[in-house]
Every structure is written in structure tokens, then in C-alpha cells.
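In what follows, a single structure is set out as C-alpha cells and then discussed.
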Amino acid sequence: MTHVLDVLEERGFIEAKTHEQELADWLAEQPRSCYIGFDPTASSLHIGSLVPIMALAHMQRCGHRPIALVGGGTGLVGDPSGKTEMRQILTAETVGANAEALKAQLARFIDFSADRALLVNNADWLVSLGYIPFLRDIGRHFSVNRMIKAESYRMRLESDEGLSFIEFNYMLLQAYDFLKLVDRYDCHLQMGGSDQWGNIVAGIDLVRKMRQKTAFGVTFPLITTASGAKMGKTAAGAVWLDAARTSAYAYYQYWVNCDDADLVRFLALYTFLPMEEIRRIAGLHDADLNLAKTVLAFETTQIVHGRQAAIEALDAAGSMFGRRSLPQDLLPSSTIPRTGGQGAGESVPTTELGADLFTEGLPFFKLMQITGLSNSGGAARRLIRQGGAYLNGERVTVDEKIITLADFAEEELLLRAGKKHFHRVRLTKG
RNA sequence: GGUGGGGUUCCCGAGCGGUCAAAGGGAACAGACUGUAAAUCUGUCGGCGAUGCCUUCGGAGGUUCAAAUCCUCCCCCCACCA
């Protein structure tokens with residue numbers, strides 16, 4: 001079986017690891033358990049969490065048992081790592097509900113059946129902790145002198161914001177989690193983002209001190225786009241994995257619009273396509289890169305939203321931006337449909353409006369506002385005046401232009417804002 | 001608890017009685033150029049069925065013809081001291 005460390009290394013997942021040789025041997029010996037913690041701060045994961053999720057998926061594909069740890073308990077405290085300001089503290093109910101939602105999303109990537117993977121919640125052991133016993137048993141193993149040298153704490157100690165005591169304890173709790181995972185699931189490997197290094201190492205130390213056992217840590221690099229932005233941050237907010245928050249079409253578009261310079265890296269990190277095929281992409285130029293971006297978008301959309309939604313997004317994009325067929329030898333392992341397509345599927349955002357609105361007629365800018373293509377009437381007027389608004393493919397430059405039933409073809413009409421934002425309006429009776 | 005400095009439109013940050021919907025930068029959006037990329041240049045960037053009207057400068061009052069700017073009280077943040 002392929003060694004999972006080789007896979008992760010080759011695909012760009014690894015920033016740092018502890019006990020390099022020992023870890024490799026340990027993983028090669030037999031199937032192992034490994035875990036990654038996920039914050040239940042929102043009811044959906046977003047693209048920023050994709051790297052850890054894919055890492056767990058690779059673990060499973062290589063025969064190991066991934067454990068997703070939902071921070072139901074630590075979520076009540078707040079991790080200062082990588083944050084420049086104090087996090088909002090959530091209620092237990094919210095955290096619990098979010099944890100449930102996260103499992104459903106993780107199930108897209110990881111097979112939880114028959115205990116091939118586990119989802120555990122650290123609220124199970126953290127919430128009932130007694131303060132004095134915890135301080136006595138766990139706290140005594142931690143040196144404050146050392147803790148304040150950790151990057152995550154130092155950053156906050158030096159900031160104006162300061163570091164609250166509750167957050168200062170976060171490292172102990174996460175270390176305690178690791179200890180629990182060792183005890184309960186024989187899980188000796190924790191992975192996480194590079195900002196988790198300090199917390200992971202604290203856990204490894206605690207396991208050694210209290211159990212005289214070896215534990216391992218692996219961290220992932222912080223993935224940023226070529227322009228330096230964090231993954232998944234757009235003007236509209238985060239790109240979520242939940243279709244109700246970010247539609248499959250929008251999700252697909254996020255990937256198609258990635259920077260040229262990111263393409264190969266992203267294919268390696270965010271798809272399961274073989275590396276030898278991905279490496280060949282590096283030779284592509286100009287417009288051909290867009291074809292490879294299509295594959296990237298299709299593959300990752302398929303993983304998150306399913307094949308049907310991915311095909312619809314592909315078709316919708318094809319009908320609006322034009323479609324070129326994909327050569328068979330471009331990333332041949334991809335199951336993307338290489339030709340054809342059925343026009344704009346259902347993935348294009350659609351608003352249904354009553355026909356009566358258009359008997360009198362509606363000003364064009366108002367329609368742009370109603371459909372959400374513009375945030376306000378003023379924004380709609382600006383857009384139109386600047387030549388960025390289209391009705392059925394034709395640029396409209398008069399913001400007061402009255403739209404009537406005559407503008408509809410087969411009860412439908414297609415609006416466009418700028419180059420990329422399409423919206424369909426469909427008539428309803430009444 | 002004491003002393004000092006602050007809270008401005010998405011973010012940073014000017015403004016310190018009228019010329020302020022508020023400089024400048026960033027982000028964002030549109031146009032040109034392109035490949036649904038990047039870079040660059042140009043324009044826009046509170047709301048309104050709109051050459052005018054309405055609501056903004058931590059909150060509530062007050063002074064004034066006029067307040068982001070002055071006064072009072074309150075809330076929050078920061079620094080130093082304790």
C-alpha cells in the first residue's frame with residue numbers, strides 16, 4: 001500500500017512533522033488512527049478547512065482510520081492561535097448543533113461506515129472536567145514560562161488586544177484532548193494547520209509525561225492564493241461547503257476563477273487526481289489553462305456537492321461563458337464530461353416573479369436590485385451607467401428602461417451583471 | 001482604583017463649528033485589455049422610482065441659524081501607574 005506520508009508530501013500537504021523517521025515507520029507498520037480537530041464555530045465548514053479534510057481522506061484511502069474531533073468543548077473556550085482578536089464565545093447549544101452539521105459535510109469526503117472513521121466530540125470529556133483535579137493532574141505539567149514563548153500566545157501578548165485567561169488555557173485543553181484520544185482510541189497522531197503546531201506539541205509532551213508513550217504531529221502549510229489572500233475569502237464572504245450558503249454553481253465558479261499560478265498546487269491539494277497527470281499541466285499556456293481549471297472546479301465540486309450538481313454547474317458555466325471540449329489526454333483520470341452539455345441547467349440563480357409586475361412595467365434598475373445582482377437601487381443605477389448590465393445578452397445603458405412582458409421569451413429572461421454574474425427571472429402566474 | 005489617549009462611512013485613517021455623504025490608502029464593483037486568470041489604466045464606491053430628498057461620524061441629551069467637530073452624562077477600548 002502507498003505510504004500516506006509520501007502521498008501527503010508529494011501533494012503539498014506537509015509543512016512540518018515530529019519524529020520524522022519514527023512516524024514513517026509507525027505508519028508503515030499497520031493501520032493507525034489519526035485525528036484532526038475542527039471548530040464548530042459555524043454550522044458549515046468552508047474552503048479553508050478543505051486541506052485538513054482532504055488529508056483525512058488520504059489517510060483513509062491509504063488504509064488508516066481518520067478521526068474527526070469536533071471541538072464541542074474547546075469551542076466554548078476559543079483558540080487564540082492565528083487570531084489577532086478574542087473570539088466570540090458560543091453557547092453550548094449552538095456548538096452542539098454545529099457539530100452535527102459538520103459530520104454530514106465530512107461524510108462527503110470520509111467514509112464513516114463500520115467505524116472506518118470516527119467522529120468524536122471533546123465536549124464528552126471536557127465539559128465535566130473539575131477545575132481542581134484538572135489543575136492538579138494536567139496543569140502541573142505545563143510551564144507558563146514555556147507557554148508564553150509559543151508563537152500563538154506571544155503574538156497576542158504583544159498585541160493591543162491582549163490575551164484573556166480563558167484563551168490562555170486553550171493549549172492545555174487541546175493537549176488533554178490528545179491524551180484522551182490516545183487513551184480511548186489508541187490514536188497517536190494529530191494533524192492540523194501550521195498555527196496548531198504549539199498545541200499539537202503540547203499534547204505530545206503531555207502524552208509522554210503522563211503515559212510514557214510516543215505521539216506524533218503533522219502540520220499543513222497555510223494555503224493562500226497567489227495574490228496572498230486566504231483561501232475561500234471573497235467579497236461575498238467565505239466560500240462554504242454547504243450548498244444552502246454557497247451554491248454549487250458559486251462554488252464551481254470560485255475554483256474556475258483561481259489564479260494561473262495556483263492551478264497545479266490546487267489540483268494536488270483539492271482533487272484526488274494522480275500526481276503524474278497533474279504535473280503535466282505545468283506545460284500548458286494561455287487559454288489552455290482554463291480547460292484545466294474547468295477540471296479542477298468540476299472535480300472539487302463533485303466531491304463536495306455530488307456528480308449531478310457538478311455537471312449542472314459545468315453546463316451552466318458552459319452555456320454562459322462558452323464551452324470548449326476537453327482533450328482526452330488532459331488529466332485523463334477525471335470523470336468530467338468532455339464534450340456536449342445541456343445548456344444552462346438549474347444551477348443559474350433564478351428568481352420567480354409575478355407576471356403582474358410587468359404588465360405596468362418595471363424599471364430595469366429595480367429589476368437588477370430585486371434579483372440581488374445589485375445590492376441597492378443606487379448600485380444598480382451605477383452598474384447600468386457604467387455599461388455592466390445586460391438584458392438577454394444585450395447591454396442596457398438606460399437605468400430607467402421599462403421592462404415589460406415583451407422582454408420575456410418563453411416566460412424567462414436572463415440578466416447579467418458584469419462579466420460573471422448571471423441571474424434568470426422566470427414568470428409565475430398571478 | 002488613579003492618570004492620560006481614543007471610539008469616523010466594509011477595513012485602515014484624516015477631519016476638530018458652516019464650502020462634509022466626510023481627504024487619502026486598501027478592499028470591492030464596473031469599463032478597456034484578456035483566457036471566466038494576473039498585471040495595468042479609467043471610472044464608481046450610504047439610501048431613495050433620484051438634478052432633489054432622507055439617514056450616518058460609540059450612545060443619550062444640550063448649546064447654536066448651523067455640530068463628526070463645542071458642553072454634560074453614560075458605554076466601550078488602549079497605555080502607564082496601583
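One finds a side-chain N or O of A/Ser376 lying less than 4.0 angstrom from the OP1 or OP2 phosphate oxygen of B/rC48.
For a distance-only test at 3.5 Å, the side chain of A/Arg381 qualifies as a donor-acceptor partner of the base of B/rA50. The base of B/rG35 does not come close enough to the side chain of A/Asp288 for any donor and acceptor atom to sit less than 3.5 Å apart. Below the 3.5 angstrom threshold, one finds no donor paired with an acceptor across the side chain of A/Gln386 and the base of B/rG31.
Comparing B/rU34, B/rC45, B/rG49 by their closest approach to the side chain of A/Pro363 singles out B/rG49. Here the nucleotide nearest the side chain of A/Lys420, chosen from B/rU36, B/rG49, B/rG31, is B/rU36. Taking the side chain of A/Asp260 as heavy atoms from C-beta on, and the options B/rG31, B/rG35, B/rA50, the nearest nucleotide is B/rG35. Among B/rC48, B/rA30, B/rG35, the nucleotide with an atom closest to any side-chain atom of A/Asn290 is B/rG35. Counting only heavy atoms from C-beta on, A/Lys293 has its side chain closest to B/rG35 among B/rU36, B/rG35, B/rG31. Side-chain proximity of A/Phe365 to the nucleotides B/rG49, B/rU34, B/rU36 is greatest for B/rG49.
Shown here, B/rC73 forms a base pair with B/rG59; the pair counts as Watson-Crick or G-U wobble because both key distances fall under 3.5 Å. When both pairing distances are held under 3.5 Å, B/rU3 makes a Watson-Crick or G-U pair with B/rA79. In this structure, B/rA67 forms no base pair with any nucleotide, since neither Watson-Crick nor G-U wobble geometry is met with both distances under 3.5 Å. Pairing for B/rA22 is absent, judged as Watson-Crick or G-U wobble with the two contacts each under 3.5 Å.
A/Arg416 comes within contact range of no nucleotide atom at all, as no heavy-atom separation falls under 4.0 Å.
A/Leu427 has its side chain within reach of A/Phe408: a pair of non-hydrogen atoms, C-beta onward, lies under 4.5 Å apart.
With A/Thr74 as the fixed residue, the side-chain hydrogen bond (donor to acceptor under 3.5 Å, both in side chains) test singles out one of A/Asn122, A/Asp39, A/Asn199: A/Asn122.
Mapped onto RNA chain B by nearest heavy atom, A/Tyr252 and A/Glu400 fall at different nucleotides, with A/Tyr252 at the one closer to the 5' end. Positionally, the nearest nucleotide of RNA chain B for A/Asp259 lies more toward the 5' end than for the other of A/Asp259 and A/Leu362.
Ring planes of A/Trp255 and A/Tyr270: tilted class, angle from 30 to 60°.
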